[in-house]
Engineer: 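Right, I'll just put the structure down here and ask away after.
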Number of protein chains: 2
Amino acid sequence: MAETTADEVPQLQERPKRIDARRNKQSLLDAAAAVFTKSGVDAPVREIAAKAGVGMGTIYRHFPTRSDLVVAVYRHQVEACAEAGPRLLRESDTPEAALRAWVALFVNFLVTKHGLASALHGDNAGSDALHAYFVDRLVPACEALLHAALAQSQNSSTINAYSVLKGIGNLCVGAATDPNYDADRLVQNLISGVLLQTSP
Amino acid sequence: MAETTADEVPQLQERPKRIDARRNKQSLLDAAAAVFTKSGVDAPVREIAAKAGVGMGTIYRHFPTRSDLVVAVYRHQVEACAEAGPRLLRESDTPEAALRAWVALFVNFLVTKHGLASALHGDNAGSDALHAYFVDRLVPACEALLHAALAQSQNSSTINAYSVLKGIGNLCVGAATDPNYDADRLVQNLISGVLLQTSP
DNA sequence: TGTTTTCCGGAACGCTGTTCCGTATAGTTC
DNA sequence: GAACTATACGGAACAGCGTTCCGGAAAACA
């Protein structure tokens with residue numbers, strides 16, 4: 001639940017944060033995690049601050065933007081997803097199976113976190129921390145899997161891993177709240193189509 | 001540009017709207033169309049009212065919700081898209097070609113209207129006029145094309161046309177503002193995957 | 001304990017979509 | 001043309017959002 005200890009432990013030439021600051025940051029992370037799972041990622045910042053027993057100023061000092069808080073809350077799961085890529089590639093029967101398993105993992109992650117997929121769009125002039133973090137960590141993982149799967153089927157087409165990843169994320173939008181919408185199936189269909197495509 | 005004349009012409013037992021009311025409604029539709037293409041579908045309501053030279057009350061009397069205004073502005077193009085379905089099915093070489101052409105049409109429509117795809121998510125407890133209208137008009141068209149294409153390839157799998165249509169719409173989110181994201185290609189890949197899938 | 005540095009709380013700001021109501025005006029009747 | 005009524009208008013006001021600001025509290029240090 002805690003963030004990397006990078007900013008909680010004294011760096012060279014830096015004093016440690018005050019203990020109430022560290023305590024509040026942790027309360028905020030816990031409260032945010034709870035509120036996000038209950039009311040979705042779009043829950044008001046005030047609600048999180050209230051649940052953590054903290055003022056508005058405090059939340060914005062620790063997390064300069066709403067997006068940063070979301071990143072901090074889901075950092076571990078995103079990291080786990082990124083690290084699952086190479087592992088699946090090693091342990092699966094075929095590269096395509098590895099890709100499909102990884103994608104299912106990613107989809108499950110997005111769908112169970114209500115509103116995360118919608119929040120992923122880099123609305124704010126491309127400087128959206130959430131979007132940037134997902135891209136940074138997951139595009140390389142996705143790319144490796146895609147290349148391996150394409151090589152397996154001797155498909156020499158060029159793929160844009162970023163594009164595919166964003167497509168998967170987009171397909172997950174609204175999946176949790178719409179019982180008639182089957183994101184899982186569509187994503188697997190999309191993968192089929194991507195692997196099938198001929199080089200341009 | 002004008003709406004259907006349904007509510008501008010006197011119905012039985014109904015008096016015609018006042019002429020300033022009709023004039024303002026038209027001004028609003030024109031202003032909204034202009035603002036939407038300039039600033040995207042998410043443009044503030046105040047901006048549209050200002051451009052039309054009209055107050056806040058007026059805009060909400062004619063269009064009870066932001067969503068209704070968007071529907072009114074794009075009604076003709078959605079209608080055209082719906083009607084293109086049967087026509088393409090008649091004039092194309094194969095049902096699959098018709099489906100792909102229709103999907104390309106739909107994608108082009110969504111992508112050129114900045115923000116329309118994002119606005120399509122039924123946020124407001126399912127009572128979103130925009131979402132409902134799109135579903136009403138386009139799901140049947142999409143369904144006919146899908147069935148025809150599946151029959152062609154002797155694929156007996158069941159498809160959920162609503163799911164596929166929503167998936168296509170989702171894939172278009174952010175397509176206009178992200179040069180690295182190729183929605184067109186992904187959508188065609190998705191169609192490939194959907195047509196390829198085996199019955200469950 | 002006294003001083004300094006850091007951090008906190010919550011009111012306030014600017015931006016949304018939407019509602020409300022006193023006022024203006026088109027349509028109707030004389 | 002004047003008087004009257006139903007209809008529509010304008011824009012201030014409301015609620016809710018993310019974010020900023022700053023006087024005051026509290027931790028760390030001497």
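Just so it is clear: chains get the letters A, B, ... in the order the sequence lines come, proteins before strands, and each one is counted from 1.
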Engineer: Keeping W102(A) on the side-chain end and A82(A) on the backbone end, is there a donor-acceptor pair under 3.5 Å?
Structural biologist: no

Engineer: Does T65(A) use its side chain to pair, donor to acceptor, with the backbone of D68(A) at less than 3.5 Å?
Structural biologist: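 Such a contact is absent between T65(A) side chain and D68(A) backbone.
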
Engineer: Let me know the distance between CZ of R46(A) and P of dC15(C), rounded to the nearest Å.
Structural biologist: 16 Å

Engineer: Between the side chain of T37(A) and the main-chain N/O of A34(A), is any donor-acceptor distance below 3.5 Å?
Structural biologist: yes

Engineer: Using the side-chain heavy atoms of R66(A), tell me which of these nucleotides is nearest: dG17(C), dA26(C), dG18(D).
Structural biologist: dG18(D)

Engineer: Closer to the 5' end of DNA chain C via nearest nucleotide, is it Y60(B) or D20(B)?
Structural biologist: Y60(B)

Engineer: Return the CD to CG distance between E143(B) and N160(B), rounded to the nearest 0.5 Å.
Structural biologist: 8.0 Å

Engineer: Whole-Å distance between dG10(D) P and I48(B) CD1?
Structural biologist: 15 Å

Engineer: Output yes when at least one side-chain N/O atom of R61(A) is less than 4.0 Å from OP1 or OP2 of dC7(C), else no.
Structural biologist: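 Looking at the OP1 and OP2 atoms of dC7(C), neither is under 4.0 Å from any side-chain N or O of R61(A).
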
Engineer: Rounding to a whole Å, what distance do you find between R18(A):CZ and dA28(D):C1'?
Structural biologist: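 Nearest whole value for this atom pair: 8 Å.
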
Engineer: Please give, in whole Å, the distance from dA26(C) C1' to N24(B) CG?
Structural biologist: 12 Å

Engineer: Please report, rounded to the nearest Å, how far the C1' atom of dA8(D) is from the NZ atom of K17(B).
Structural biologist: 10 Å

Engineer: In whole Å, what is the span from the CZ atom of R23(B) to the P atom of dT7(D)?
Structural biologist: 18 Å

Engineer: Looking at T65(B), does any N or O in its side chain come under 4.0 Å of the phosphate oxygens OP1/OP2 on dG17(C)?
Structural biologist: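 For T65(B), the contact criterion (side-chain N or O under 4.0 Å from OP1 or OP2 of dG17(C)) is not met.
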
Engineer: Please state whether the phosphate of dA8(D), meaning OP1 or OP2, lies under 4.0 angstrom from any side-chain nitrogen or oxygen of T58(B).
Structural biologist: no

Engineer: Specify the separation, in whole Å, of atom CG of L28(A) and atom P of dG18(D).
Structural biologist: 14 Å

Engineer: Taking atom C1' of dC15(C) as reference, at what distance in whole Å does atom CE of M56(B) sit?
Structural biologist: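 After rounding, the gap between these two atoms is 13 Å.
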
Engineer: Are OP1 or OP2 of dC8(C) and a side-chain N or O of H62(A) less than 4.0 angstrom apart?
Structural biologist: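 So the side chain of H62(A) is within the cut-off, an N or O lying under 4.0 Å from OP1 or OP2 of dC8(C).
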
Engineer: As a test of understanding, state which of N180(A), D182(A), D178(A) forms a side-chain hydrogen bond (donor to acceptor under 3.5 Å, both in side chains) with Y162(B).
Structural biologist: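 Looking at N180(A), D182(A), D178(A), the match for Y162(B) under the side-chain hydrogen bond (donor to acceptor under 3.5 Å, both in side chains) is D178(A).
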
